[in-house]
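Just so it is clear, the values below take in all heavy atoms, side chains as well, and ignore hydrogens, waters and symmetry mates. Letters A, B, ... are given to chains in the order of the sequence lines, protein chains preceding strands, and every chain is numbered from 1.
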There are 2 protein chains.
Amino acid sequence: MHEVSAVETALHGLRTLIADGSLHPGDRMPSEGVLSEQLGVSRGSIREAIRTLSALGVVETRRGAGTFVGELRAADMIRTLSLTVGLLPLESVLELYELRRVLEAHAVALSAARCDDATLATLGDLLDRLEATEDVDEQSALDHEFHMGIVRLCGNESLGSMVSVLRSRSRAYPVLTPETKRVSDAGHRAILRGLTSRDPVAASVAAAAHVTQSEVWLRERRPAPEAIG
Amino acid sequence: MHEVSAVETALHGLRTLIADGSLHPGDRMPSEGVLSEQLGVSRGSIREAIRTLSALGVVETRRGAGTFVGELRAADMIRTLSLTVGLLPLESVLELYELRRVLEAHAVALSAARCDDATLATLGDLLDRLEATEDVDEQSALDHEFHMGIVRLCGNESLGSMVSVLRSRSRAYPVLTPETKRVSDAGHRAILRGLTSRDPVAASVAAAAHVTQSEVWLRERRPAPEAIG
DNA sequence: GCAGTAAAACCTGTCCTACAAGTATGTGCA
DNA sequence: TGCACATACTTGTAGGACAGGTTTTACTGC
């Protein structure tokens with residue numbers, strides 16, 4: 001057998017502190033110096049373990065104040081994927097379109113049963129502006145706002161977070177041209193009609209078709225990706 | 001504005017090396033000492049940045065040999081979530097059941113159109129053994145093997161990885177009793193029938209029902225979770 | 001007594017050095 | 001050619017030191 005590394009020891013210790021209820025969401029963890037002594041590893045190893053948990057959305061460190069246990073919500077942990085999806089090759093992005101299609105369609109179906117008139121009006125305004133503008137950046141921003149505004153209504157934060165991650169990567173590829181934009185605009189209206197008539201199936205089908213259309217455009221054109229902020 | 005931290009500098013530098021094509025999947029990265037000099041930060045900061053990327057499944061470190069760029073597949077990055085789902089409270093787990101139901105049902109539908117007779121025979125053997133044994137640990141292992149054996153066939157690694165993550169957490173809750181196991185066994189047979197008849201809809205519906213059944217049992221009993229390895 | 005301020009204690013962020021331990025490389029001998 | 005060994009290189013870990021934040025404490029002036 002091979003020796004257990006110091007960082008693994010630290011990681012296990014920190015995980016246990018959270019898992020066994022010694023630390024609750026929002027609590028401040030013991031300082032790095034104290035943890036170093038308690039777990040019997042150097043402060044550097046403690047810091048590397050904390051970095052790992054921080055990258056995964058489990059803890060959050062504030063300089064000078066301490067390291068705090070996160071809210072331990074699934075949405076937060078899923079969100080951490082957004083830092084890495086930007087490194088995936090086009091092949092993987094196309095693979096993720098299948099996840100996005102299924103999840104976004106489901107989310108829209110849920111939202112169709114929950115949205116109110118005020119929200120529908122807001123979404124309609126977004127589409128009006130989206131159809132009016134010719135600025136590509138503004139189009140992308142409005143498109144994202146429209147879709148995420150719907151997904152946020154679905155009542156499942158994890159689902160919304162996952163869709164957000166999947167969408168963030170797709171946004172890096174500019175597939176909208178004057179011609180494709182007309183089709184895209186029509187797709188948006190179809191989704192909104194489904195929501196307005198509180199028809200989950202119609203809205204869901206329209207969303208799935210919309211995602212699939214984007215995927216087809218991406219497969220056809222395979223443009224170079226733009227950097228993600 | 002606030003100064004950019006050293007670790008952020010290192011993280012950005014490493015990310016750029018991968019994103020701009022200087023480093024390809026499988027390549028060995030420059031040593032920590034070289035990176036430290038090139039990016040102008042200490043070796044400790046380089047190590048923390050590498051830890052972050054390692055936690056997110058982007059790079060892989062082998063002691064004495066070096067740090068290597070991962071395969072940059074979405075499935076690998078999704079898999080990193082499995083280290084943290086064990087920390088989620090029951091409330092979040094129930095939220096994730098919705099994702100699992102949608103994704104697993106979709107995966108099973110895809111598998112129904114792709115599976116061959118040999119695989120079906122293997123899956124049938126698994127169910128025979130699952131129905132025969134009374135050992136809880138073996139039941140859990142066989143159940144997992146059956147489900148993942150199906151999901152792996154779906155042809156989308158990301159989807160399979162995501163379902164695997166979602167299932168790993170559910171497995172920590174022992175909801176199987178002699179009574180519920182009979183229902184569970186029947187559910188497994190229904191899924192297998194759908195696969196055998198190459199009927200994606202039947203298989204998908206059976207899978208969704210199976211997941212929902214597990215969720216209902218969990219909501220009713222709310223047992224204490226068992227530690228995940 | 002109270003408010004405000006200054007000091008002290010504390011915490012994370014960073015860099016440095018040193019060494020242990022694992023891996024790959026190259027060299028020389030048989 | 002093939003094997004054994006020494007060497008260089010790489011990651012893993014520990015410890016010390018200080019900078020730059022935040023929180024707490026204590027003190028001063030009113």
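B:His210 and B:Glu104 form no side-chain donor-acceptor contact under 3.5 Å, judged by distance and modelled atom types alone. Between the side chains of B:Thr67 and B:Arg28, no donor N or O sits under 3.5 Å from an acceptor N or O. When only modelled atom types and interatomic distance are considered, A:Ser82 and A:Ser168 share no side-chain donor-acceptor pair under 3.5 Å. Of the N and O atoms on the side chains of A:Asp116 and A:Thr119, at least one donor lies less than 3.5 Å from an acceptor on the other residue.
Distance CD (A:Glu60) to C1' (C:dT12): 14 Å, rounded to an integer number of Å. Per the geometry, CD belonging to A:Glu3 stands 16 Å off P belonging to C:dA20, to the nearest Å. In this structure, CD1 of A:Ile46 is placed 15 Å from C1' of D:dG12, rounded to the nearest angstrom. In this structure, CD of B:Glu37 is placed 15 Å from C1' of C:dC15, rounded to the nearest angstrom. In this structure, CZ of A:Phe68 is placed 10 Å from C1' of D:dT23, rounded to the nearest angstrom. The distance between atom CD of A:Glu48 and atom P of D:dT13, rounded to the nearest whole Å, is 7 Å. The separation between B:Arg63 atom CZ and D:dT11 atom C1' is 7 Å, rounded to whole Å. One can place CZ of A:Arg43 at 13 Å from P of C:dC15, the figure rounded to the nearest angstrom.
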Intermediate values then yes/no, side-chain contact (heavy atoms from CB on, under 4.5 Å), A:Gln139 and A:Thr133
CA-CA 7 Å; A:Gln139 287 174 3; A:Thr133 185; 3.8 Å; yes
side-chain contact (heavy atoms from CB on, under 4.5 Å) between A:Asp76 and A:Glu71, worked out:
CA-CA 8 Å; A:Asp76 296 331; A:Glu71 291 304 315; 4.0 Å; yes
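The stretch residues 17-36 of chain B touches DNA chain D through B:Arg28, B:Ser31, B:Glu32, each having a heavy atom under 4.0 angstrom from the strand.
Nearest-nucleotide assignment on DNA chain D puts the 5′-proximal partner with A:Val7, out of A:Val7 and A:Ala65.
Remark: B:Glu48 CD to B:Ser42 OG distance equals 8.0 Å, nearest 0.5 Å.
Between B:Ser45 and the phosphate of C:dC15, there is a side-chain N or O to OP1/OP2 separation shorter than 4.0 Å. The shortest distance between the side-chain N/O atoms of B:Thr61 and the OP1/OP2 oxygens of D:dG12 is not below 4.0 Å. Taking only side-chain nitrogens and oxygens, B:Thr67 never comes nearer than 4.0 Å to OP1 or OP2 of D:dT10.
When the nucleotides D:dA14, D:dG12, C:dC15 are ranked by their closest atom to the side chain of A:Val41, D:dA14 comes out on top. The side chain of A:Ser5 lies closest to D:dT13 when the candidates are C:dT14, C:dG22, D:dT13. Closest to the B:Arg51 side chain, of the nucleotides D:dT13, C:dA20, D:dA19, is D:dT13.
Ion pairing of B:Asp143 with B:Arg167 is present here, as a side-chain N (NZ or NE/NH1/NH2) and a carboxylate O approach within less than 4.0 Å. Under a 4.0 Å N-O distance rule, the pair B:Glu138/B:Arg129 does not qualify as a salt bridge.
Comparing the helix axis at one end of the helix from C:dG1-D:dC30 to C:dA30-D:dT1 with that at the other, each defined from 5 consecutive pairs, gives an inter-axis angle of 10° (nearest 10°).
Residue A:Arg62 places no side-chain atom within donor-acceptor reach of the base of C:dG13, judged by atom type and a 3.5 Å distance cut-off alone.
Residue B:Glu134 qualifies as open at atom CD: its count of foreign heavy atoms under 6.0 Å is 12 or below.
No engagement by B:Gly44 is indicated, since no non-hydrogen atom pair under 4.0 Å with the nucleic acid exists.
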